[in-house]
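First comes the structure, then the notes that go with it.
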Protein chains: 2
Amino acid sequence: MADVSSARVAAYLREAILGGDLKPGMRIRQEEIAAKLGASRLPVREALRTLEAEGLTESEPHKGARVPRLSQHEVEVIYRMRERLEPLALLESLPLLGATDHERLEEVQRQIEANDDLEKFLDLDREFHMLTYSGCAIEPLNQNVVRLWNSTQHYRRAYVALGGQNRMWVVNAEHRLILDAVVRRDATDAERFLEGHIRRTRNELAHHPEVFE
Amino acid sequence: MADVSSARVAAYLREAILGGDLKPGMRIRQEEIAAKLGASRLPVREALRTLEAEGLTESEPHKGARVPRLSQHEVEVIYRMRERLEPLALLESLPLLGATDHERLEEVQRQIEANDDLEKFLDLDREFHMLTYSGCAIEPLNQNVVRLWNSTQHYRRAYVALGGQNRMWVVNAEHRLILDAVVRRDATDAERFLEGHIRRTRNELAHHPEVFE
DNA sequence: TGGCACAGGATTGGATCCAAAATCTACCCA
DNA sequence: TGGGTAGATTTTGGATCCAATCCTGTGCCA
């Protein structure tokens with residue numbers, strides 16, 4: 001599913017949702033998307049099914065698709081899932097990362113530290129973490145990690161936009177610890193620092209209920 | 001998506017894959033399924049997309065869908081994911097389970113102990129665990145747990161068929177410990193026993209490479 | 001004025017038809 | 001006899017059309 005039309009539609013919708021153009025609660029009309037992409041409704045329907053299973057949309061029969069709205073508690077549990085799953089992905093990935101990956105990580109982290117654009121930060125942060133997992137070849141695990149990131153993307157954006165940037169130095173310090181552990185191939189440290197990184201984020205989110213409207 | 005045709009098709013295929021009629025590596029032809037269910041190919045296509053995202057099928061453009069074949073290492077990592085995620089689901093569920101649920105659990109466990117049919121054991125075992133998670137209202141977590149169970153169903157069956165029934169008393173002892181912790185509402189114990197239960201199964205699987213052909 | 005019922009439009013679900021790609025088969029040639 | 005290639009068949013991907021359901025707005029009546 002690469003050159004295929006339904007894949008293009010799925011990619012477009014994914015981008016739109018993760019990019020914040022389609023916000024939680026918004027309805028997605030098949031015809032509208034089809035017209036915008038110059039395709040028929042069929043690929044749109046298939047794409048929506050795919051996204052539904054990725055947790056990016058939800059749909060009821062004859063009622064159509066929407067971007068799901070998550071409660072604060074749901075987001076909190078998703079973060080707890082991340083705390084448990086991502087260290088496992090890192091554990092699988094770490095031994096397979098080479099010098100080139102380490103340099104790329106270093107480069108991305110430098111970009112994060114030099115950056116001051118919020119939207120760009122979200123992309124770079126995601127790239128940093130995904131790079132650390134890029135050695136993991138277990139597809140179900142990779143898919144899960146991506147799904148969890150996707151489903152909280154909107155709330156992460158809201159949090160950062162709400163003033164999370166004051167705490168950016170904490171993020172950078174934690175990234176540095178993770179990066180160092182990865183380069184040293186210290187799985188125990190890497191797991192611990194990563195878990196702490198996610199847990200801290202969860203705690204900060206818990207103290208900002210305004211992110212959830 | 002309840003009365004809808006594509007949901008019926010998805011349910012049928014799910015059953016066929018979990019029931020072992022469609023084995024890993026087997027190809028799924030849209031026309032064939034459509035004819036068998038008296039529907040057109042369209043609902044089948046949508047169903048396949050859904051199942052694909054559930055990890056029950058995989059597909060390449062113009063090549064069609066297959067039941068994925070997992071390596072021993074992949075199954076092992078999926079079990080590690082279960083070790084981390086299912087205790088979380090139990091944690092969320094436990095406080096919300098009532099006396100009725102406890103009785104139902106007790107009843108299912110009695111059936112497992114009285115049962116000697118392998119196929120039936122798989123169903124009952126699944127029902128037992130799913131019941132313990134049934135209080136958890138976090139959809140992404142529930143979906144994940146189901147997906148992980150689904151994707152290893154075939155290998156679980158192969159293991160049980162290969163003589164796992166000698167160790168049935170261990171399963172029952174562990175289920176009893178979990179059940180007791182659930183009734184006592186002891187989250188710490190429940191998490192610990194459940195995690196141990198899954199880890200032991202993973203270890204036993206690791207010593208039976210013949211399950212993976 | 002407020003609520004309910006009905007009708008019309010809008011939107012999704014399903015079937016059939018056509019196009020494109022992949023697989024299979026048979027044949028040719030070394 | 002074995003391998004490769006070209007064509008035929010199968011199978012999947014996409015578009016259009018029709019049916020079923022849902023939503024909305026209007027009007028009627030208490």
Side-chain angles (χ1 to χ4, degrees), chain A residues 1-17 21-69 139 143 150-151, chain B residues 1-17 21-69 139 143 150-151:
Chain A
M1 140 158 167
D3 62 305
V4 194
S5 174
S6 73
R8 273 187 39 245
V9 177
Y12 169 82
L13 285 174
R14 217 177 272 121
E15 184 85 15
I17 295 171
D21 299 325
L22 291 171
K23 294 195 202 321
M26 274 194 180
R27 189 169 172 188
I28 300 175
R29 260 170 270 266
Q30 300 177 357
E31 190 73 50
E32 192 179 318
I33 307 296
K36 190 168 308 193
L37 296 186
S40 88
R41 270 178 48 222
L42 201 147
V44 177
R45 280 163 68 174
E46 292 201 39
L48 284 174
R49 278 279 190 283
T50 301
L51 294 187
E52 184 179 352
E54 287 179 18
L56 282 176
T57 65
E58 63 187 4
S59 71
E60 280 180 285
H62 300 283
K63 287 196 170 181
R66 319 185 78 86
V67 183
R69 201 190 295 275
E139 256 333 290
Q143 279 178 21
N150 285 353
S151 56
Chain B
M1 137 157 167
D3 63 303
V4 194
S5 175
S6 72
R8 275 188 36 247
V9 176
Y12 168 81
L13 285 174
R14 219 177 270 121
E15 184 86 15
I17 295 170
D21 299 325
L22 291 171
K23 295 194 202 323
M26 272 192 181
R27 189 169 172 188
I28 300 174
R29 260 170 268 266
Q30 300 176 358
E31 190 72 51
E32 192 180 317
I33 307 296
K36 191 169 304 192
L37 296 187
S40 88
R41 271 177 47 222
L42 201 147
V44 177
R45 279 163 68 174
E46 291 202 62
L48 284 174
R49 274 285 145 67
T50 301
L51 293 187
E52 186 179 349
E54 287 178 19
L56 282 175
T57 65
E58 63 186 4
S59 71
E60 282 179 283
H62 301 284
K63 285 195 170 184
R66 319 184 78 86
V67 183
R69 200 192 293 278
E139 258 332 290
Q143 279 178 20
N150 285 353
S151 57

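All chains are named by letter (A, B, ...) in the order of the sequence lines, taking the proteins before the strands, and each is independently numbered beginning at 1.
B:Leu48 comes within 4.0 angstrom of nothing in the nucleic acid, heavy atoms only. Among the protein residues, B:Arg41 comes within range of the nucleic acid bases, having at least one heavy atom under 4.0 Å from a base atom.
In this entry the distance linking NE2 of B:His62 with P of C:dA19 reads 15 Å, nearest Å. For the pair A:Ile33 CD1 and D:dA15 P, the interatomic distance rounds to 15 Å; values are reported in whole Å. The interatomic distance linking B:Glu31 (CD) with C:dA22 (P) rounds to 20 Å, in whole Å. Whole-Å rounding puts the B:Met26 CE to D:dT11 P distance at 16 Å. As a whole-Å value, the separation of B:Glu60 CD from C:dT23 C1' is 14 Å. Note: CZ (B:Arg29) to P (D:dT12) measures 7 Å, nearest angstrom.
Residue order along DNA chain C, read from the 5' end via each residue's closest nucleotide, puts A:Lys63 first among B:Leu42 and A:Lys63. Residue B:Gly64 is the one, among A:Arg27 and B:Gly64, whose nearest nucleotide of DNA chain D lies closer to the 5' end (criterion: closest heavy atom).
Contact check on B:Glu52 versus B:Arg49 returns a salt bridge, with a Lys/Arg side-chain nitrogen under 4.0 Å from an Asp/Glu carboxylate oxygen. For B:Glu60 and B:Arg66, the salt-bridge test fails: no basic side-chain N is under 4.0 Å from an acidic carboxylate O.
Side chain A:Arg45 to base C:dG14: a donor-acceptor pair is found below 3.5 Å.
Inspection of the B:Arg45 and B:Ser6 side chains reveals no N or O donor paired with an N or O acceptor under 3.5 Å.
Proximity of B:Gln30 to the phosphate of D:dG13: a side-chain N or O atom is located under 4.0 Å from OP1 or OP2.
Remark: A:Glu15 CD is loosely packed, at most 12 non-hydrogen atoms of other residues, nucleotides or ligands lying under 6.0 Å away.
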